[in-house]
Amino acid sequence: MKKSDWNIFLQALGRYAKRDVWLLPVVIATNILKAVQPFLTILLSSALLDWILEGRKMEELLRIALGGLGAIWAVSLLYEYLTQKRSEKWLHAWDTLDQCMVEKSLRIDYAFLDDSDAQFLLRKQEEYSYLRGNLYNRLFSIVEAFSYGVTTLIIAFVLAAKLLFIRADGVAFVTALVAVTFLTKRLADRKLAKRQNEITDEWLLFSRASSFYYNNFLDGYENGKDIRIFGQKRLIQKEISDTMRQMERLTQILFRLGFGYDCVTQGIAAATGCLIYLFAGFWAYAGAVSLGNAAKYVNSISRFSKAFMDLVEVLGDIRELGPYMRDFEAYQNLEKGRLAGTIPVEKRRDNKFLLEFRNVSFRYPNASEYALKNINLKMEVGERMAVVGRNGSGKSTFIKLLCRLYDPTEGEIRLNGIDIRKYDEAEYLAILSVVFQDYHIFDLKVGENLAASRTVDEARAKDAMERAGLSGFWKKLPEGIHTYVGKSFSPGGIEVSGGERQKLAIARAIYHSAPFVIMDEPTAALDPVAEYEVYAGFDKMVGSRTAIYISHRLASCRFCNDILVFEEGRVVQRGSHANLIAQDGLYAQLWNAQAQYYR
C-alpha cells in the first residue's frame with residue numbers, strides 16, 4: 001500500500017470523525033471487546049479441560065466455571081451496550097454525512113458548479129458509491145476490521161507464545177506459515193484489485209450512459225413528445241438495451257472475480273488450519289503440552305492466522321479506496337476562488353444606488369477568448385435598461401458578473417463607488433431580484449418557492465402572484481400558498497404549465513422587492529404579445545427601482561429609454577429605440593429582421 005493511500009484514508013476518516021468525536025472511540029472499543037470475547041471462552045474451556053483431566057473436585061470446577069461465565073457475560077453485556085451506542089452514533093453521523101456533498105455544492109463558488117472537472121469529481125463519487133457501497137460505510141468497516149484484527153493478533157500471540165518457544169523450529173514454523181499466507185493473500189489481492197479497477201472504470205462509463213437515458217427519457221414527460229413524433233422509440237430502446245447488457249456482462253465478471261478470490265482465500269485458510277492442528281497435535285502427542293493447552297494453542301494460532309489475513313485484506317481495501325477517497329477529498333477541498341468581502345451594503349433611506357462597470361473584461365476558466373471585453377456603463381436606481389444582441393454576444397455573462405456568480409477577469413464593478421467584491425456577498429445579493437432564462441421552480445410549496453423560505457408572508461405572496469398575472473392560478477390552488485408544485489412530495493400537488501412557471505419566477509422577483517430587478521430572457525415560453533404585456537406590466541410594478549431587461553425580441557424592450565446592444569462581448573451601441581433605429585447599425589438590422597414577421 002502506498003503511503004499516499006494511507007494518508008488520504010486518515011484524512012477522509014478524520015473529516016468524518018469530526019461529525020462526532022466519540023464515534024471513532026466507540027467503534028474501536030466495540031471491536032476490541034468483540035475480539036476479546038472468543039478468547040475468554042477459549043481460556044475457560046482449555047482450563048476446565050486440563051483441570052478435569054487432573055481430577056479436581058466438582059465444587060472447584062463449578063466455582064471456576066461460574067466465575068468464568070460471569071466474566072464472559074459481563075463482557076458480553078458491555079459489548080452489546082457499546083454496539084447499541086455505536087449504531088446510534090453511526091446512524092446519526094450517516095444522516096448528517098448524507099448532507100456533506102449537498103452542503104459543499106451549496107457553499108462553493110458558482111464557477112465550480114459550471115466547471116466540468118468539478119462536476120466530474122462529483123459524478124464519479126456517485127457512481128462509485130452505487131457500485132461499491134457508501135464511502136462512509138467502507139471507511140468505518142475498515143476501522144472495525146483493523147481494530148478487531150490488531151486486538152486478535154496481540155491476544156492470540158500472547159496465548160500461543162509458550163507453544164512457539166518450546167523449540168526454535170516452532171517460531172520458524174509459524175513465521176513461515178505467516179509469510180506464505182501473507183504473500184499468497186497479497187498476490188491475490190493485487191491481481192483482484194487491478195482487474196476490479198479495470199472492470200469498474202468500464203462499468204462506470206456505461207453507468208453514466210444509463211443515468212443519461214433514465215434522466216432524459218424515462219424520468220419526466222417533457223421528452224415524450226419528441227420521442228413519439230420522430231419515432232425515436234426503437235433507437236432509444238436499442239441504446240438502453242445495449243447499455244444494460246454491457247453492464248450485466250461487467251457485473252457478472254466482477255461476481256466471478258469475487259468468487260475466484262473467495263475460493264483462493266478459503267483454500268489458504270483451510271490449508272493453514274490443517275498445518276496448525278498438525279503442529280499443535282504433534283506436541284500434545286509428544287507430551288510437551290497438555291491437551292487443554294493444545295486446544296488453546298490451536299484456536300489462538302488459527303485466530304492469529306485469520307486475523308493476519310484479514311488485516312492484509314484491510315490494507316487492500318485502503319489501496320482500492322485510494323482513488324475514490326482522493327476524488328472525495330479533491331471535491332471537499334475546492335476552495336472559494338473569489339474574494340470574500342465583509343463591508344455591509346449601505347442602508348440608504350432614499351434607496352439611491354449607483355452600479356458602475358469600469359473597463360470590465362471576462363474570460364471563462366480554461367477559455368482562450370473573452371466573453372466580455374472593456375464594458376463601461378453606469379446604472380442608477382429608477383432607470384430602465386434593455387440588453388439585446390445575438391446569441392452568444394455576452395448578454396447572460398454580463399448578468400452573471402453583475403450577480404457575482406463570477407468575478408471580472410479585468411476591471412471592476414462598483415456599487416456606490418466601492419468594488420462589489422469588498423461587500424458582504426449576502427448583503428450585496430439582497431439588493432438584486434433576478435429572473436434567469438434558465439430559472440428553476442422547485443417541487444416545493446408555492447409559497448416556499450416565492451419566499452425561498454419556510455416563513456412566507458401570505459398577503460405579500462398573493463400580491464406578487466396577482467401582479468405577475470397569476471390571479472387565475474392563485475384561485476385554483478387547493479391549499480393556497482401551501483399547495484405543492486408537482487407531485488414529488490404530495491399527491492395533492494398541481495401540475496404547472498411552462499407559462500405559469502415563468503410567471504411564478506417573475507412573482508418570486510416581485511416578492512423580494514430589491515432595488516435592482518433583472519429579467520434575463522424569462523418569457524421564452526410566451527408568445528410575443530404576452531411577452532410584451534409581461535414586460536410592460538412588470539415595468540409598472542418595478543416603480544422607482546432599476547430594471548434591466550434581456551430579450552431576443554426587441555419589441556418587448558421598446559419602453560426602455562436606454563438600450564445596450566451587445567456583439568461579440570462588447571457594447572457596440574447604446575441609446576433609445578428611436579436613436580438606435582436612426583443609426584442604421586446592428587440594432588436596426590435586428591429590429592428589421594424581426595419586424596417583418598409582425599407587419
Side-chain angles (χ1 to χ4, degrees), residues 114 355-364 367-379 383-411 413 432 434-439 502 505-506 509 516-528 530-532 534-536 538-539 542 546-598:
D114 203 25
L355 268 169
E356 180 181 7
F357 279 64
R358 287 192 175 186
N359 295 316
V360 171
S361 296
F362 177 73
R363 183 171 55 201
Y364 283 99
S368 57
E369 301 293 329
Y370 279 90
L372 290 178
K373 191 65 178 176
N374 296 329
I375 305 298
N376 289 278
L377 58 90
K378 294 181 179 180
M379 292 170 283
E383 293 183 346
R384 301 289 184 273
M385 177 180 288
V387 179
V388 301
R390 296 187 177 97
N391 286 335
S393 61
K395 304 186 300 296
S396 292
T397 302
F398 168 74
I399 297 303
K400 288 178 181 178
L401 293 181
L402 184 60
C403 296
R404 277 218 73 191
L405 295 177
Y406 290 95
D407 282 338
T409 305
E410 300 167 15
I413 304 171
L432 305 174
V434 189
V435 183
F436 289 106
Q437 60 177 315
D438 52 354
Y439 66 89
Q502 288 192 325
I506 294 171
F516 289 87
V517 181
I518 303 167
M519 298 183 70
D520 181 10
E521 302 277 11
T523 54
L526 305 179
D527 60 69
E531 180 184 44
Y532 178 79
V534 167
Y535 275 127
F538 193 68
D539 184 67
V542 169
T546 299
I548 302 172
Y549 304 98
I550 300 177
S551 177
H552 281 97
R553 293 197 277 257
L554 275 61
S556 303
C557 304
R558 287 186 60 183
F559 56 83
C560 294
N561 55 11
D562 190 10
I563 300 175
L564 300 179
V565 184
F566 275 76
E567 179 72 354
E568 296 182 351
R570 299 175 183 270
V571 177
V572 295
Q573 287 182 284
R574 182 174 185 178
S576 65
H577 170 74
N579 290 336
L580 294 175
I581 288 293
Q583 293 175 19
D584 197 26
L586 177 61
Y587 181 84
Q589 295 175 26
L590 295 173
W591 173 265
N592 291 326
Q594 293 182 11
Q596 62 178 313
Y597 297 106
Y598 305 114

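Positions are given from 1 along the sequence. Quick caveat: nothing in here was measured; it's all calculated off a predicted structure.
Nearest heavy-atom pair, Lys378 versus Met385, reported as atom, atom and distance to 0.1 Å: O-CE, 4.1 Å. Shortest non-hydrogen contact noted between Val435 and Ala509 is CG2-CB, 3.6 Å. Taking all atoms of both residues into account, the shortest heavy-atom contact from Leu401 to Pro408 is CD2-N, 4.0 Å. Nearest approach of Arg404 to Asp407, heavy atoms of both residues: NH2-OD2, 2.8 Å. In terms of heavy-atom proximity, Ile518 sits nearest to Cys403 at CD1-SG, 4.1 Å.
Thr409 places a side-chain N or O within 3.5 Å of a backbone atom of Arg363 that can act as its donor or acceptor partner. Judged by distance alone, the side chain of Glu567 and the main-chain N or O of Leu586 form no donor-acceptor pair under 3.5 Å. Put simply, the side chain of Tyr587 never gets that close to the backbone of His577: no donor and acceptor are under 3.5 Å apart. No side-chain donor-acceptor contact under 3.5 Å links Ser576 to the backbone of Asn561.
A distance of 9.5 Å separates CD in Glu383 from CD1 in Ile548, rounded to the nearest 0.5 Å. With rounding to the nearest 0.5 Å, the separation of CG in Leu402 from CG in Asp520 is 11.0 Å. Between Asn374 atom CG and Glu410 atom CD the span is 7.5 Å, to the nearest 0.5 Å. Note that the CD atom of Gln589 and the CZ atom of Arg390 stand 6.5 Å from one another [nearest 0.5 Å]. Taking CG from Leu564 and CD1 from Ile375, the interatomic distance works out to 8.5 Å, rounded to the nearest 0.5 Å. Interatomic distance, Ile399 CD1 to Ile550 CD1, rounded to the nearest 0.5 Å: 3.5 Å.
Here Phe516 pairs with nothing under the ring-ring contact (aromatic ring centres under 6.0 Å, His included) rule; sequence neighbours left out. Evaluation of the ring-ring contact (aromatic ring centres under 6.0 Å, His included) rule for Phe398 yields Phe357, Phe566 as partners, not counting sequence neighbours.
For the residue pair Thr397/Tyr406, the side-chain donor-acceptor check at 3.5 Å is not satisfied.
Taking the charged nitrogens against the carboxylate oxygens, Asp562 and Arg384 have no contact shorter than 4.0 Å, which rules out a salt bridge.
Between Phe362 and Lys400, the closest side-chain pair of non-hydrogen atoms is not below 4.5 Å.
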